[in-house]
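Have a look at the structure below, then the notes.
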Amino acid sequence: MYADICGLLNIQYPIIQGAMAWISDPSLVSAVSEAGGLGVLATGHLDAEGCVKAIKEIRERTDKPFAVNIMLLSQFADEIVKAVCEQKVPVVTTGAGSPGKYIQMFKEAGTKVLPVAPSVAIAKRMEKDGADAVIAEGCESGGHVGKITTMALVPQVVDALNIPVIAAGGIADGRGMAAARMLGASGFQIGTRFLVAKECTVHQNYKDRIIKAKDIDTTTTGASTGHPVRVIRNKLARKFEELEKNNAPSEELDKLGRGALRRAVVEGDIENGSVMSGQIAGLVNKEQTAEEIIKELYEQYKEIMKNTAI
Amino acid sequence: MFERIREIIADQTGKDVEEITMETNVKTDLEADSLDLFQIINDIEDEFDVKIENVEGIETVGDVVKLVESSKE
């Protein structure tokens, strides 16, 4: 049941940093990869040119493998895929759809493909489309989410597939990794904890808000549009909830959401911006370097796995 | 084939079979989200032993039927 994710991706630890739009930039990506995990560049806010520039910057900082996340709904998806293949990026993770039509291009470029799947049916689809592994992402995650929890989703995806499964959503320490391993996951994707890494260039207000967050501080907005997003419940999120309660037209919701992530990440407006965060933020309580985070995660995970017996 | 596809769609979306025609819009009439849509496609693929491409372009039940027919060829 368990697969060698480190061997598949040529990394030291089975830890993948979740892609975070506007946030996981070359600074964070190269720090995670350099520390032995898999850094993942977010490109949802980039065009192909911006993407190539970021890839080159990562390569200046590390010679270890890294990944690029491709938002398949992005208007630039076609050109970003082309750029990623030309740059021979070792791994891609994909969100918002199936990478099926690009698989051939990725295979020819030697790029491993790890799609994110929020349900068994979508995970099976990705396997049929030729994915190398699937990231089963529970709704505890920050940002765009599905409906099923990691606890329920991971074992069902593991049973349905013959390719390795990476668990995501609600994991921020070695205990979460060990739990996901027990559910059958071979690797772990972690977002929120890396958001507060010293190398992460997100606005300090954003980091401070994550560090201050309690277990109940996140909510999902946008369910009525079919694209729910998990965020910290701030003024913007409350405004969203109000509009959705009143069945506001989706254009109005779109208008409110436009530029909101940038407002939080770049400008540090954590009340009127979109502060995307996983439910596990309450467990994230200090800034550390990516290397310290990875070492701590793995040591704790190893210790638990060694000492766990009935 | 349409009958069986209708049943699968009705089962996943909680609608009555009679409500579903070739013109029924999957998103607006059936209120199916992407999780529902991929579940329906998965069930249809298993049922007819086919692989359906271009799922992203599906709007109506008729589109689904056409995709199944073309992938059987």
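Here the structure is a predicted model, which is why all the values come from computation and not from measurement. Labels below follow one simple rule: chain letters A, B, ... track the order of the sequence lines, proteins then strands, and each chain is numbered from 1.
- Within 6.0 Å of CG in B:Asp49 there are 12 or fewer heavy atoms belonging to other residues, nucleotides or ligands.
- Minimum interatomic distance between B:Glu45 and A:Arg125 (heavy atoms only, all atoms of both residues): OE2-NH1, 2.7 Å.
- Within a 6.0 Å radius of CD in B:Glu59, no more than 12 heavy atoms belonging to other residues, nucleotides or ligands are found.
- Neither the backbone nor the side chain of B:Ile40 comes within contact range of chain A; no heavy atoms are under 4.5 Å apart.
- Taking a 6.0 Å sphere around NE2 of A:His227, one finds it holds 12 or fewer heavy atoms contributed by other residues, nucleotides or ligands.
- Contact annotation: the side chain of A:Lys147 approaches that of B:Asp33 to within less than 4.5 Å [non-hydrogen atoms, C-beta and beyond].
- For B:Lys27, the NZ atom sits in a loose shell: 12 or fewer heavy atoms of surrounding residues, nucleotides or ligands are nearer than 6.0 Å.
- In this structure, B:Asp46 and A:Lys124 have side chains that are in contact, with non-hydrogen atoms separated by less than 4.5 Å.
- Residue-environment remark: CE (A:Met151) stays at or below the threshold of 12 foreign heavy atoms within 6.0 Å.
- You'll find the side chain of A:Asp129 reaches within 4.5 Å of the side chain of B:Lys51, heavy atoms only.
- Distance check: A:Lys128 NZ to B:Ile52 CD1 gives 8.0 Å after rounding to the nearest 0.5 Å.
- Other residues, nucleotides and ligands contribute only 12 or fewer heavy atoms inside 6.0 Å of the CD atom of A:Glu49.
- Of the atoms belonging to B:Glu53, heavy atoms from both backbone and side chain fall under 4.5 Å from chain A.
- The minimum heavy-atom distance linking A:Ile122 with B:Ser34 is given by the pair CD1-O, 4.3 Å.
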